[in-house]
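Worksheet: one structure, shown below.
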Amino acid sequence: MSKTNAEIGLFDGAILRRAVGQSVLKLNPRGLMRNPVIFVTALTSVLVTILVVRDAFIGSPMLGIGIQVAIWLWFTVLFANFAEAIAEGRGKARADAFRATRSTTRAKVLADPRRRDIFHPKDAAALEEGDVILVEAGEIVPTDGEVIEGVASVDESAITGESAPVIRESGGDRSSLTGGTRLVSDWLVVKVTAAPGNTFLDRMIALVEGAKRAKTPNEIALDILLAALTLVFLFVVVSLPVFAIWSGTQIPVIYLAALFITLIPTTIGGLLSAIGIAGMDRLVKANVIAKSGRAVEAAGDIDVLLLDKTGTITFGNRMADAFEPLPGISEQQLAEAAYLASLSDDTPEGKSIVDLARAKFSVRDDAAKDAVFVPFTAQTRMSGADLADGTAIRKGASDAMLRHVGAQMEPALDKIVRRIASSGGTPLVVAEDTRLLGVVHLKDVVKPGIRERFAELRTMGIRTVMVTGDNPLTAAAIAAEAGVDDFLAEATPERKLELIRAEQAEGRLVAMCGDGSNDAPALAQADVGVAMNSGTAAANEAGNLVDLDSDPTKLIEIVLVGKQLLISRGALTTFSIANDVAKYFAILPALFVTAYPGLGVLDIMGLGTPASAILSALIFNALVIVALIPVALKGVKYVPASAAALLGRNLTIYGLGGLVAPFIGIKLIDLVVDLLHLA
């Protein structure tokens with residue numbers, strides 16, 4: 001998905017041009033009503049515009065300042081729309097790339113799934129859930145479905161960006177098929193699992209465009225808070241004329257309107273939607289589709305992280321770690337024999353034995369010339385080679401090898417086998433004819449850097465739990481090496497579900513990932529369920545996030561995206577409210593200092609006139625929205641730390657910064673206003 005996930009410049013020219021036009025179109029009252037603060041700002045702009053028109057007719061001396069106030073009020077609304085439009089524009093650019101992958105071909109609908117030679121064509125857009133279709137080599141998969149017959153190689157680069165084709169087959173955990181991918185070889189009979197307009201690609205497009213993104217509970221709660229603050233400031237501003245009349249002064253309505261807009265939290269009100277959309281955009285860049293914004297926010301708040309051992313913590317295949325010879329046998333002899341017995345073994349384990357022998361002893365395959373290789377079978381549980389000189393080399397499970405050579409378990413061999421098994425490894429015994437040579441130690445190899453990632457999560461206050469089907473002894477050994485906080489051994493679907501429910505009953509938020517049908521119940525129960533795109537349709541439907549790369553470790557990245565989204569919103573909210581506090585010192589002394597000379601001590605900025613104070617505060621209020629657009633789009637950098645440390649950091653940077661910035665900014669603007677005699 002290189003085109004979709006290519007880095008889009010923060011202020012891409014095409015996106016900026018489209019955002020300017022969208023800023024005006026978004027003045028539609030229906031759209032503005034979704035954002036209470038900006039809607040109130042727009043209503044105030046309309047009121048001031050009407051007053052300006054009236055002043056123009058009656059020749060009022062307030063006309064000049066009124067025009068400037070009206071202009072900057074409308075700029076405030078337009079800048080807020082502009083921030084949202086840029087965020088949406090970045091999403092639309094990605095959506096356009098996804099649309100390019102949408103299939104416009106005609107599907108082959110089978111009347112009888114057992115007969116591939118009888119089908120009728122049907123538009124891909126008209127396919128219905130439950131239809132059974134045939135897809136052959138070279139064809140684009142028309143819609144989402146589940147393979148019910150066949151095995152084929154599928155190119156998913158249009159969706160995942162991975163150039164290497166993957167295998168899709170009926171049954172198991174690799175049966176899910178995504179619309180827009182292409183068959184490289186063979187054929188598949190597919191049952192359609194998505195209704196028209198609700199395919200994986202449709203959901204992805206809706207997500208990245210942002211227009212259909214429903215507000216999350218946190219956003220709704222913040223909207224209510226901002227609306228309440230707006231209402232409080234409305235009462236404050238409406239009551240000011242009463243105090244002014246009582247003190248013998250008069251405040252023009254235009255001043256009151258400007259004061260009202262500078263005091264309400266317009267900064268966060270203008271950026272709130274852009275923060276949310278940009279957060280979704282960062283998730284898309286990570287190749288993850290969210291079925292709801294709730295899942296992303298929940299990822300930022302999770303307490304417990306459940307991870308499968310295989311493929312997440314370990315590489316997924318046991319690999320050769322050491323050659324352990326019996327007394328009288330050199331490690332070189334054992335390595336050479338194990339090497340020859342593994343040359344025809346195409347399993348990852350067999351290849352790892354060959355690689356280890358070559359790396360440690362530079363073993364060559366000269367002795368394998370004219371050898372007859374014996375493949376591994378479930379019945380013999382052995383593999384090996386019969387050399388040209390008649391020597392028979394075998395490797396396999398210890399009990400199978402003992403039967404093969406007709407020997408009893410000797411103490412030295414028993415000691416090695418037990419030690420490897422107790423450490424969580426797998427012992428493979430090697431023999432030459434009837435002579436036992438030693439043991440190859442296979443072990444689950446923990447991924448590099450995974451221990452550091454878990455330490456990072458621990459710093460965030462997240463407890464990690466490894467879930468595995470291994471026995472408790474093996475699970476304990478892997479868990480200790482990987483550095484997880486806990487583990488669940490011999491895990492079944494029921495036990496996973498029980499664990500998640502137990503954690504949730506204690507008030508914790510739980511995240512997990514999975515790809516099989518047996519993971520579906522746990523994925524549905526978890527607060528954050530990440531389904532692998534390569535997994536089954538049942539898993540994809542149960543999860544609320546889908547990883548296009550099918551990389552289980554992506555769960556850690558999703559947590560970071562969620563935390564960055566929450567921190568960005570909290571930091572900019574703090575900055576916005578702190579801004580409003582500082583504006584009291586700019587405007588109120590300027591309005592009332594003549595009636596109440598004692599307020600002069602609050603005139604820290606020493607602004608020129610009441611008119612310049614009002615105008616300067618209003619200009620700063622509008623420009624700060626534009627200045628913070630990059631922060632809203634890129635997000636506040638997340639540094640792993642405790643909640644208390646993060647709160648302290650944000651209060652220091654954004655709380656203190658929000659208090660100081662208006663004093664500097666409004667004063668500088670006031671100097672320019674006075675210099676140009678605008679007020």
Side-chain angles (χ1 to χ4, degrees), residues 10-11 16 19-20 22-24 26-27 35 37-38 40-42 44-45 48 65-87 226 233 254-255 257-275 278 568 571-587 590 605 607-608 611-634 636 653-679:
L10 197 60
F11 293 109
L16 285 177
V20 170
Q22 286 294 314
S23 301
V24 178
K26 284 178 176 290
L27 292 175
N35 189 330
V37 175
I38 301 305
V40 169
T41 305
T44 306
S45 303
V48 172
I65 187 65
I67 291 174
Q68 294 176 73
V69 168
I71 289 172
W72 284 105
L73 284 176
W74 281 115
F75 272 153
T76 303
V77 178
L78 288 171
F79 289 160
N81 289 347
F82 183 68
E84 184 178 36
I86 288 180
L226 297 182
F233 284 122
I254 288 177
Y255 283 12
L259 173 63
F260 175 56
I261 296 305
T262 55
L263 294 183
I264 64 176
T266 49
T267 304
I268 186 60
L271 296 172
L272 184 59
S273 182
I275 294 168
S568 298
L572 291 182
T573 300
T574 302
F575 185 90
S576 177
I577 294 174
N579 251 252
D580 298 333
V581 173
K583 291 168 193 170
Y584 295 139
F585 294 91
I587 301 173
M605 302 181 201
L607 302 179
S612 70
I614 286 286
L615 191 57
S616 299
L618 198 59
I619 294 172
F620 175 84
N621 195 62
L623 294 181
V624 77
I625 295 176
V626 179
L628 290 176
I629 288 177
V631 180
L633 295 181
K634 292 181 67 175
V636 175
I653 296 175
Y654 295 94
L656 186 60
L659 281 171
V660 173
F663 285 95
I664 299 172
I666 292 174
K667 179 60 179 178
L668 291 175
I669 294 171
D670 181 71
L671 293 175
V672 175
V673 168
D674 279 345
L675 182 65
L676 299 176
H677 305 292
L678 295 176

Indicate the atoms forming the closest heavy-atom contact of [X] with [Y], along with that distance.
{"X": "Val48", "Y": "Ala257", "answer": "CG2-CB, 3.5 Å"}
{"X": "Leu73", "Y": "Ser45", "answer": "CB-OG, 3.3 Å"}
{"X": "Phe575", "Y": "Ala661", "answer": "CZ-CB, 4.2 Å"}
{"X": "Ser23", "Y": "Leu78", "answer": "O-CD2, 3.6 Å"}
{"X": "Ala632", "Y": "Leu271", "answer": "CB-CD2, 4.3 Å"}
{"X": "Tyr654", "Y": "Ala578", "answer": "O-CB, 4.4 Å"}

Answer whether the closest heavy-atom distance between the side chains of [X] and [Y] falls below 4.5 Å.
{"X": "Ile86", "Y": "Leu633", "result": "yes"}
{"X": "Phe82", "Y": "Ile629", "result": "yes"}
{"X": "Tyr255", "Y": "Leu259", "result": "no"}
{"X": "Ile268", "Y": "Ile275", "result": "yes"}

(message) Looking only at the side chains, is there a donor atom on one of Thr266 and Asn621 sitting less than 3.5 Å from an acceptor on the other?
(response)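 Yes.
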What distance separates [X] [atom1] from [Y] [atom2], expressed to the nearest 0.5 Å?
{"X": "Leu659", "Y": "Ile577", "atom1": "CG", "atom2": "CD1", "value": "11.0 Å"}
{"X": "Ile71", "Y": "Thr76", "atom1": "CD1", "atom2": "OG1", "value": "12.0 Å"}
{"X": "Phe620", "Y": "Thr267", "atom1": "CZ", "atom2": "OG1", "value": "7.5 Å"}
{"X": "Ser576", "Y": "Leu226", "atom1": "OG", "atom2": "CG", "value": "7.5 Å"}
{"X": "Asp580", "Y": "Leu263", "atom1": "CG", "atom2": "CG", "value": "6.5 Å"}

(message) Among residues at least two apart in sequence or on other chains, which ones pass side-chain contact (heavy atoms from CB on, under 4.5 Å) with Leu656?
(response)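 side-chain contact (heavy atoms from CB on, under 4.5 Å) check on Leu656 returns Val660.
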(request) Only counting residues at least two apart or in another chain, list the ones meeting side-chain contact (heavy atoms from CB on, under 4.5 Å) with Ala80. (result)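 With neighbours one apart ignored, the set is Ile38.
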(message) Main chain of Val636, side chain of Ser568: is a donor-acceptor contact present, judged purely on distance under 3.5 Å?
(response)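 Yes, because the side chain of Ser568 sits within donor-acceptor range (under 3.5 Å) of the backbone of Val636.
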(message) Under a 3.5 Å distance rule, please check whether Asn81 uses its side chain to pair with a backbone N or O of Gln22 as donor and acceptor.
(response)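 Flag not set: sc Asn81 to bb Gln22 has no pair under 3.5 Å.
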(request) Enumerate the residue pairs fulfilling side-chain hydrogen bond (donor to acceptor under 3.5 Å, both in side chains) with a member in residues 658-671, sequence neighbours excluded, ordered by first and then second residue. (result)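 Of all non-adjacent pairs touching residues 658-671, those that pass side-chain hydrogen bond (donor to acceptor under 3.5 Å, both in side chains) are Ser612-Asp670.
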(request) Only one of Leu615, Ile614, Thr262 passes side-chain contact (heavy atoms from CB on, under 4.5 Å) with Trp72; say which it is. (result)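 With Trp72 as partner, side-chain contact (heavy atoms from CB on, under 4.5 Å) holds for just one option, Leu615.
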